[in-house]
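I have placed the structure first, in the form of C-alpha cells, so that the comments after it can refer back to it.
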Amino acid sequence: MVEIEIDGRKIEVPAGTPVIAAAEKLGTYIPHFCYHKKLSIAASCRMCLVDIEKMPRPMPACATPATAGMVVHTHGERVAQAQKAVMEFLLINHPLDCPICDQGGECMLQDIAVGYGAGESRYREEKRVVLHKNVGPLIAMEEMSRCIHCTRCVRFGQEIAGVMELGMLNRGEHAEITTFIGKTVDSELSGNMIDLCPVGALTSKPFRYQARGWELSRHRSVSPHDGLGANLIVQAKNDKVLRVLPLENEAVNECWLSDKDRFSYEALNSAERLTKPMVKQDNQWHETDWATALEYVAHALSDIRNEHGGDAIAALASPHSTLEELALLQKLLRGLGSSHVDCRLRQSDFALDGKIKPWLGMPIAEFGRLQDVFIVGSFLRKDHPLLAARLRQAAKQGATVSMLHAVDDDWLMPVANKLIAPPSGWCAALGEVAVAIAQQKGVNAPAGFDGVTPSDSAVRIAASLLFGRRAGVFLGNAAAQHPQASQLHALAEWIARQAGIGFGHLTEAANTVGAYLANACGHAPLASPRQAVLLLNAEPELDCADPVVARKVLGEAKTVIALSAFKHSMDLADVLLPIAPFTETSGTFVNGEGRVQSFNGAVRPQGDARPGWKVLRVLANLLELDGFDYETSETVRDEITGGETDLSGKLNNLAGVLPQAAALVSDGLERLADVPIHFADPLARRARSLQMTTDAKLAQARMPLALMQKLGIASGDNVRVLQGSAEAILPAQADDSLPAGVVRVAAAHPSTASLGPMFGVIRVEKA
C-alpha cells in the first residue's frame, strides 16, 4: 500500500492503482471518456488530465499509477486549461446536434462539455461525415460521426465478451470504428457496448427514438431468465416498458447484462399478449370475465377431484415463474390431494428426488475467483452468459478451465482440457476422471470402474482438481437434462469429495432454486395420463424434455388450464387465464447462489391480466381450500424464506449416492439437444429483435462432415430427422466439433417441437 494526497486529502491504495481509481475511492470525480473500471487502460481521450506535483505537465489520471508521496490536484488553472483544450479537440468533428441525438439528455460528452469545456470553439472547419454501419438488430451505428474513438466498445469485445467484433480503421481524423467486412455483432453480451458508449454513436436499435431519458420512470427489478438473477433497471413511459438497463451489483451481474436480459422486454408489448380470460366452447375461443373463468376452472377441478380423486390432477410450472406463484401452485395442488406438480420440465431422470436441493454451491463472486474449474455438460456461453464472462476473466488470469461435453463449442476463453464424448459416453468419461483421481490419490476407484484406463485428458483434469488452488466441479443444464443425470451427479460428487473441492449446479432458470424451496418439485406430472393439467407459464411443446409425451398427456386430459401472459397451446388448452409478467407484478426470484431477490411491478398489468399469485389465491378460495388468506406477495414470500435473504443454508448438493458404472447403450446416431439462448423462455421467444439475431436462426441438423458424406448429404440440404414415430424436416449443416455418431438438433424451437426426447437414438435421412 502507498499513501497519496488528492486535493489535500490523503488515501492509502495498493501500489500501481490508477490515480483516477484512487480519486474515485475518495469520492472525487475526474472527467473521463475512455477509462472504465472493468476495461484495460487506453488513455486515448486525455480528458482526465490532472496536475501532479513535480511533473512538468498535466498527466492522464487513468494511466498514471499511484506512487508513495504523490500529490495530485484535480482542480486549478493548469488543469482547467488542459481540460478545456482536450474538450475543444474532441468537438472539432463532433456534430453539435444534441436536440436530435438519441443520446441527448444522458450523454457523457454533453455533460462534461458543459461542466469542463469552453463556451465556444475556435474551429470553423467543415466537420467530417462517417457512414453508418448495419451491425444487426440490437445495436444502431447510424450516427458514427459522433464517435470520439474512446475504444470502449472495442475493448469490451476483446476483454469481456471474448471476441473482437469491432475494431478501429485508419488514423487521425480518418479513424473510424467498424466491424469486419460484412459482419454483424453477434455476441450474447453485445448490448453492453451501448451502455459503454459515452456519446450517441452506439445506441439501442429497439429503443431508438422511443423516448428521452427524463421522460422515463425507473424501477429496480430482477431478470427472469437464467439462474444468475441479474439486477435490472426497468424504464417505462405511459405504462409501457421501453428499456431495460443493468443495475450495478458487483456480487451478481457486476455492471453487465446479457442481450436476453436487456432486450426481452419487447415481448411484453407483443401481439401475443393474453389480456382477457378466455374459455373454449364447441372448439371456439371466447373472451370472458374473471368471475366466469375462475368459476369454470373451480367447477372443473372440483368435478375431477370428486370423480377421479386428486391424483388425476397435475401441474406443470415454468421455473421462470416467481417464488410466490410456485409456492401457491403447489399448495393448491396438494390441497386438492395431488403431489403431481413440477417445474423441472426438461429433466428426465428423477432418481435423486428428495435427496438434493441443487445450487451453485458457492457465491457467484467466489465462482469467478476459482483457479481450477471443471464444467460437465454445459452450453456455457449461451446457457449462462454472465457466469461465462466471469470465468473468462478468471481464465485470462491463469485459471485452468476443463470441460466434458458432446460438442467442442468455442467458449471464447482458454480451455486447457477437453473430454468430448457422445451423450451416451458421458458417465464413462466422467468415470475416467474419477479413476484418475483415485490413482493419483492412492484410493479405491468407485465400484465398477476398476478396469477403466483414464485418457490423458482425464488424467490432466484430475491433476488440476487434486493439486489446484481453488477448484470446483459443476454440472450444467445439459447434465441436469441428461437421461443419466443422477449418475453424472453421483460421479461429480464423488470427485468433489475426494479432491476436497467445490461442487455445484449451474442452475437453469431464474427460479430453479426457488422451486425446490417452494416445494414445487414433486412427482413427475407427465408420467401417466391426467384428467386435469394446470400450466403456469409453461409451454409444453417447447419447455418439456419430450414434447411428444407432453402433447399426448395434455391431449388426453379432460381439462387443461393455462395461466400465462401469452396466448399459447390453443389447440390443447380449455381455459386461458391472463397473468402478469415480471414487470407487472411483485415477486421474488432465488438465484443459483441462494440469494433472495424481490421486486415490484414497474407498470400496471395490461388489460385484465392479474398477478399470478393473486389468481391462484382466489382460485383456492373458490375451491374452499384452507390457508389461502394472503394479502400481499410479501406474506407468501416470507412464509417460504422466513424473512431471510440468503437461503444457501437450506440448499444441498450432496446426495450421498454411490456412483455406478451403468453405461447407456447406443446402437445408432444420438441426438444432442441444446436450448437456443433466445428460445429458452416465453419472453425471449417473443422479443422481436432477439428473434432477428444470429442466435435465433433456423434450427439445423448439425453433424460431422464424415456422417454427411456417408448419408449423401451436403450442407444446406433438407433432411428428415426421426425419433420413433416423430419427425421434423430441417436443413443439414456440417459441424466437425461434434464426435462421430452425434447429431445436434436444438430443442425448445418451433421447428423441432414435433420431435421426441432431448437425448436418445435419432435417425437422419435425405428429405
Side-chain angles (χ1 to χ4, degrees), residues 20 29-36 41-51 55-63 73-135 139-155 166-179 193-204 208-209 212-214:
I20 194 169
Y29 177 72
I30 298 175
H32 59 276
F33 294 114
C34 68
Y35 171 77
H36 190 277
I41 302 298
S44 59
C45 75
R46 315 309 271 189
M47 193 64 220
C48 64
L49 293 174
V50 293
D51 202 2
M55 292 280 189
R57 63 185 68 85
M59 301 295 292
C62 66
H73 302 283
T74 67
H75 302 291
E77 185 63 26
R78 202 157 71 134
V79 172
Q81 286 301 320
Q83 290 172 340
K84 283 181 180 178
V86 168
M87 182 56 67
E88 189 175 26
F89 282 127
L90 285 171
L91 294 178
I92 290 173
N93 274 312
H94 195 84
L96 305 179
D97 55 356
C98 299
I100 67 161
C101 177
D102 206 47
Q103 194 86 346
E106 46 189 11
C107 172
M108 281 181 68
L109 184 69
Q110 200 176 51
D111 294 342
I112 292 174
V114 170
Y116 298 88
E120 60 178 323
S121 173
R122 291 169 292 176
Y123 288 89
R124 297 292 180 266
E125 285 77 9
E126 190 173 314
K127 294 178 183 287
R128 74 171 191 161
V129 174
V130 181
L131 293 178
H132 67 87
K133 286 94 178 168
N134 180 16
V135 294
I139 300 175
M141 294 180 75
E142 298 295 319
E143 312 291 349
M144 290 309 292
S145 298
R146 297 192 170 102
C147 177
I148 61 168
H149 309 132
C150 68
T151 69
R152 279 182 171 189
C153 55
V154 177
R155 285 175 286 146
L166 294 178
M168 189 153 66
L169 287 177
N170 306 322
R171 301 179 66 185
E173 71 166 11
H174 301 292
E176 59 180 280
I177 300 291
T178 186
T179 60
M193 294 178 181
I194 299 166
D195 296 338
L196 288 171
C197 184
V199 296
L202 305 184
T203 52
S204 168
R208 192 168 164 80
Y209 298 138
R212 289 298 195 187
W214 61 83

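For reference, positions follow the sequence shown, starting with 1.
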Which heavy atom of R122 sits nearest to which heavy atom of E88, and what is that distance?
NH2-OE1, 2.7 Å
Any chance you could measure C98, atom SG, to L109, atom CG, to the nearest 0.5 Å?
7.5 Å
Among T203, D97, D102, side-chain hydrogen bond (donor to acceptor under 3.5 Å, both in side chains) partner for R146:
D97
Could you tell me whether a side-chain N or O of Q103 sits under 3.5 Å from a main-chain N or O of A201, the two making a donor and an acceptor?
no
Starting from the C-alpha separation in whole Å, work towards a yes-or-no answer on side chain to side chain contact (heavy atoms under 4.5 Å, CB included) for I194 and I139.
CA-CA 7 Å; I194 299 166; I139 300 175; 4.1 Å; yes
Taking all non-hydrogen atoms of both residues, which atom of L202 and which atom of C197 are closest, and how far apart?
N-SG, 3.5 Å
Minimal non-hydrogen separation, S44 against T151, with atom names:
OG-OG1, 4.5 Å
To the nearest 0.5 Å, tell me how far T179 OG1 sits from M141 CE.
7.0 Å
Result for side-chain hydrogen bond (donor to acceptor under 3.5 Å, both in side chains) between Q81 and one of Q83, E77, K84, R78 points to E77
Distance col, row I20:CD1 vs H36:NE2, nearest 0.5 angstrom, shows 11.5 Å
Measuring from atom CZ of R46 to atom CZ of F89, what distance do you get when rounded to the nearest 0.5 angstrom?
12.5 Å
Taking it one step at a time, do I177 and C153 satisfy side chain to side chain contact (heavy atoms under 4.5 Å, CB included)?
CA-CA 9 Å; I177 300 291; C153 55; 3.9 Å; yes
Should M87 and I112 be marked as a side chain to side chain contact (heavy atoms under 4.5 Å, CB included) after you check the CA-CA gap, both sets of side-chain angles, and the distance that decides it?
CA-CA 8 Å; M87 182 56 67; I112 292 174; 3.5 Å; yes
CG (L166) and CZ (R152) are apart, to the nearest 0.5 Å, by 15.0 Å
Would you say I148 and H94 make side-chain contact, with heavy atoms under 4.5 Å?
yes
If you measure from CZ on F33 to SG on C48, what distance do you get to the nearest 0.5 Å?
10.5 Å
Nearest heavy-atom pair of C150 and C34: which atoms, and what distance?
O-CB, 3.5 Å
All heavy atoms of A113 vs all of L91, minimum pair found to be CB-CD1, 4.5 Å
Please lay out, stage by stage, how E173 and N93 fare under the test side chain to side chain contact (heavy atoms under 4.5 Å, CB included).
CA-CA 8 Å; E173 71 166 11; N93 274 312; 3.7 Å; yes
For H32 and Y29, take the angle between the two ring planes, folded into 0 to 90°, and tell me which bin it lands in: parallel under 30, tilted 30 to 60, perpendicular over 60.
tilted
Using 4.0 Å as the upper bound for N to carboxylate O, is an ion pair formed by K133 and E176?
yes
Nearest atoms (heavy-atom pairs only) where H73 meets V79
O-CG2, 3.5 Å
